[in-house]
Each structure stands twice: as structure tokens, then as C-alpha cells.
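Report on the following structure.
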Amino acid sequence: MSVESLNNELIKYENVGISFENRKVLSGFNLTVKKNQRILLRGKSGIGKTTLLKMLLGFTKPSEGTIYFRNQVIDSRTCWEARKEIAYVVQDTDLGEGKVKNLLNEIFSYRANKEELDHEKLRSFMRELELENNILEENFQELSGGEKQRIGILIALLLNRDIYLLDEVTSALDAKLKKKVADYFLAREDWTLLVISHDREWERDWMETIYLETRSWETSRTSP
Amino acid sequence: MPIYDISYTSLIFCFFLLAIPIFISRKIRLELEKSTMEAVFRMSIQLFFAGLFLNYIFNLNNGFLNLAWVGMMIFFASYTAIKSADLNVKKLFVPIILAIAFSNLAVLIYVNKFVINLENLLDARYLIPIAGMLLGNTLRGNVVGIGDFYNNIKRNENRYLYSLSLGAGMYEAALPYLRKSLKAAVKPTLANIASIGIVSLPGMMTGQILGGASPLVAIKYQITIMIAIYVSTILSATLSILASFRTAFDEYGLVNQDLYEKNL
């Protein structure tokens, strides 16, 4: 393998297996994500799609196999680097308690996020996501599911990272917004995307789609 | 003014009062009969022995022994705090006892030295009761503080992980939980301070007045003790949580799951 192609490899899952409570749900999963590649992960719920994304950030450890980020094994040291470089957006963004404005400021006070919150950008992304200005003064916990979801997307965009893990990020949006968000992300050819979504708006002919299946379900099941 | 002793037979009249909680518990099926009896039994035995020991210790009034007694109180306060918070005693005992010992001894010695101006800083009559009041409150503050802290992180695990994904360091991600649990830990103390003298006549003042002291002396002690309690509660709750980080979190910045396993 040439050095160049190695450098292009951002994320690599090597023979990764997932078990929930001693039950194998996925095994021998392999996937290489190159820079600027956009990949859609599909598969029935409970198969471990979300877990695959979490593993990349060191939130759970694979029961078997290895995960690489920039050719380095994800471990207790490298996971902190991955967390600074990858933007992770979840279905039910939970920022905690307090005004949206204060919660945003807290995120941009983290030492890893050297840049301050750019208010110009904030306004423009909010317009894009059809979020009202006064939402900043509201309590995060009182927002609707769709609003919370958009705040999650907003934060990811503001963090200005170029690798995105998007886990059902448009599930609570209306059709028009689903399309708008998906189009926005998919138009950026300089971004690397790993998308989990049941929404059709994310489907593109050119996009690589990975279907996750439980392999040898019956035999791999460990009896209690 | 004489102090009326309570005879052991008249103490029985006090126990009669327990018929009321037992009755309520029966009627509404609170199922608290057993724990009521257990608690009262434990308290009586513990206080009986404490009375004997304290009598002995007060008569002897040996500084080293007094300090050792306070050390034992700290030991049990630390153990009970972790136990009551439903957390892993083995994992947390060392950081918690260090935090509780440091904050309480520091406040205790300061008060004895600079406020009460004691000649003998380790005088049993001052050291032990004041330590008891500080530790009792510290204990409650720590149960709430450390318990809320780790249980909130567990309950809001996704929120915690999400902040890590946003680039937060472990301390940065834990900060909102630290704030929240510390507030919860000291709120009752603050409310207590603000209502004292109007709603309640605190135990120590009552004791001093019953013992024949002037209310004007008693209030000065009360002000001192309330401030000391507030300081030692917030200090020990803060230090306990911070000191527990090393054993409670792993290198990934996640809470060790065995922290939630009760043991001992």
C-alpha cells in the first residue's frame, strides 16, 4: 500500500465485533473510510450502527477487532484526538440544563475549541436551519425534538470540523428541512461523512451504502 | 440553674412516642416499622457507648486520644457517605476520607485557634462536639454531593459523552455535574443558616442554654458553628468529588462501571 493511500485512510474498522450483554450482534465488520468519502450505514435497528460510531470516539470498546483513526489504533490516548477532530451529531442531542446561549458558550470555552463562538456564523447557520433568533434565550430542555436536533447540527457546523458522524440527525425534521440539511452536508465535497439514517433524503446514487447484517446469527449466539 | 437529669425509666416514656410513627407506618403501609425500630435501636446502642467513651475521654482529656476519637468519627463519616450514596466503597474510600479529614480538621483547628481562642486546641470539650457537628453535616453534604455527581453522570450518560465529543476534557465535561451536585449539597445548609433563630433553635444553642449558658454566649457559638459547617461542607464535598476523579474515571474519560457496584 502506498504512503499516499495510507494517509488518505481516515477511519478503518478491522474485524470489529459488537456484543450486547454477551450476545453477539455483529462480527467481522470491516470498513475503510477515506478522506472526503461519504458513506451511508444501513441495517435494522439493534445491529450496532450507533455503537460503531461511538467506538470511534472511544465511548465503547469493541468486543473484538480494532478501530483505527488516521492509522492509529483508537485507545485511551488517541480517542482524545479523535474527539477533537470528529464532529458527532446524535438523534437526540442533549446539551443539559440552561439557556441555549449559555450552553453554546460553555462548549466554546473548552480548551480544545480554541476559536470563540463566531456570532456572525451562528446567525447565518441559524437562518439556514430555520431557527428563530430568540431560541438562544430559551431553556434547552424546553425545546422541541426537531429544535434540539437542529441545535446539534448547528453546533457541529460551528465547530468547523471536517469529519462528521451523523446518527439519524434529521429524524425529527419535516421533509423540507430533511432535504435542506442532507443537501447541505452532501454538497460539501471536502467533508468526510459517515451517516446513519433511515431518511431517503440522504440517499444518493454516487454514495457508498453499507448494509449491516448479523452474520451467522444463530451460531454466534453465546448461550447463557 | 440545675440541669434535670433524665432517668432511665423516664427515657422509656420517650420511646412510647415511637408508637406514633409505627401507627402511621402500619396504617398507610409505609413498611417503615422495621427500619424505625432498627434505627432507634442502633442509635440507642451507639449513643450509650458514645456516652461511656466520651465520659472517659473527657475525664482523661488527652489531646492525642481526643484526636484519635475524631479520626474514628472521620473514618465512619467517610464510610457512611459512600455507602449511603450507593457507590463502591473500595474504590472511593481513600480519596473521600482524605478530603473529609482535611476539610474538617482544617476548619476545626482554625475555629478553635482563632475564633474560640482555645489554649489547648485539642481540648475534648470543644474538639469533639464541634467535630461532631461539622462531620454530621459534612456527611450529609457528601452523600448528596458525590452521590448526585456520579448518579447524574450515569443518568445522563449520553449528555456526558456528547460533551466529550465536542472536545471537552474530562474535567470540562464533568464541570456541569460538579456545579449541580455541589449546589444540591450545600443548599440545605444555606437554607438552614438563613432560617436559624426564627424557624429553629439549633441543637447546640439549645444544649448550651440547657447547660446554663447565657443565650448571648450561645448565639456567638451558633454563628461560629454555622459558618464552620457551611465552609467544611462545601470544601469537603468539592474535594471529595475532585479527589475521586482519579479512581472513578478511566483513561478514556468514562466513569468506571464498577463504581456503581456496592460493596463492603
Side-chain angles (χ1 to χ4, degrees), chain A residues 50-51 53-61 74-98 102-115 117 140-141 148 151-152 154-161 163-167 169, chain B residues 88 91 144-188 190 237-238 241-242 244-261:
Chain A
T50 296
T51 309
L53 300 193
K54 281 187 165 179
M55 284 171 174
L56 200 48
L57 301 164
F59 294 157
T60 41
K61 288 148 220 167
I74 290 286
D75 58 22
S76 61
R77 190 177 51 82
T78 51
C79 72
W80 294 98
E81 294 308 312
R83 290 168 190 173
K84 286 177 201 161
E85 282 191 58
I86 297 173
Y88 176 52
V89 190
V90 293
Q91 181 171 16
D92 46 356
T93 294
D94 185 0
L95 275 188
E97 290 147 30
N102 299 344
L103 294 170
L104 289 180
N105 281 326
E106 173 125 7
I107 294 167
F108 284 88
S109 75
Y110 296 157
R111 262 194 311 162
N113 302 329
K114 286 168 208 104
E115 295 164 45
L117 178 54
F140 181 78
Q141 298 291 13
K148 286 182 183 168
I151 297 282
L154 176 73
I155 292 169
L157 295 174
L158 286 168
L159 284 174
N160 206 14
R161 300 177 181 179
I163 305 164
Y164 289 84
L165 309 181
L166 307 175
D167 190 348
V169 298
Chain B
N88 185 324
K91 281 239 152 178
V144 176
I146 200 150
D148 268 24
F149 180 78
Y150 285 108
N151 289 319
N152 276 331
I153 289 187
K154 190 185 188 186
R155 196 169 326 123
N156 303 300
E157 196 194 5
N158 283 333
R159 183 191 299 172
Y160 176 77
L161 295 181
Y162 181 54
S163 43
L164 290 180
S165 82
L166 296 172
M170 199 213 86
Y171 174 78
E172 288 169 323
L175 195 56
Y177 302 90
L178 182 66
R179 283 194 201 111
K180 210 177 155 202
S181 57
L182 284 181
K183 271 190 192 158
V186 299
K187 252 191 178 158
L190 272 182
T238 311
I241 296 175
L242 292 179
S244 69
F245 279 6
R246 259 179 56 114
T247 46
F249 288 87
D250 64 14
E251 287 172 319
Y252 288 79
L254 313 179
V255 178
N256 281 316
Q257 283 310 302
D258 53 5
L259 193 77
Y260 299 106
E261 285 163 19

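Chain letters run A, B, ... following the sequence lines, proteins first and then strands; every chain starts at 1. Because the structure is predicted, anything quoted here is derived from the model rather than measured.
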Would you mind checking which part of [X] comes under 4.5 Å of any heavy atom in chain B, side chain (CB onward), backbone (N, CA, C, O), both or neither?
X: E106(A); answer: side chain
X: R161(A); answer: side chain
X: L57(A); answer: side chain
X: T93(A); answer: side chain

Minimal non-hydrogen separation, G167(B) against A112(A), with atom names: O-CB, 3.2 Å
Over all atoms of both residues, closest heavy-atom pair of Y252(B) and G58(A): CD2-O, 3.4 Å
NZ/NE/NH1/NH2 to OD/OE distance under 4.0 Å, D92(A) and R159(B): no
Electrostatic pair E172(B)-R83(A), nearest N-O below 4.0 angstrom: no
Contacting region of L166(B) [heavy-atom separation from chain A under 4.5 Å]: both
Most chain A-contacting option - heavy-atom pairs closer than 4.5 Å, from L175(B), D250(B), L254(B): L254(B)
From CD1 (I155(A)) to OG (S165(B)), nearest 0.5 Å: 9.0 Å
Rounded distance [0.5 Å steps], OH in Y110(A) versus OG in S163(B): 4.5 Å
K180(B): salt bridge (charged side-chain N to carboxylate O under 4.0 Å, His left out) partners, not counting sequence neighbours: E97(A)
Any W80(A) side-chain heavy atom under 4.5 Å of M170(B) side chain: yes
Side chain proximity check, L161(B) to Y88(A), heavy atoms < 4.5 angstrom: no
Passing option when Y162(B) is tested against D94(A), V89(A), L95(A) for side-chain contact (heavy atoms from CB on, under 4.5 Å): L95(A)
Assess whether atom [atom1] of [X] is packed by more than 12 heavy atoms of other residues, nucleotides or ligands within 6.0 Å.
X: R179(B); atom1: CZ; result: yes
X: Y171(B); atom1: OH; result: no
X: E251(B); atom1: CD; result: no

Closest-packed option against chain B by number of heavy-atom pairs under 4.5 Å, given L159(A), V90(A), I107(A), D75(A): D75(A)
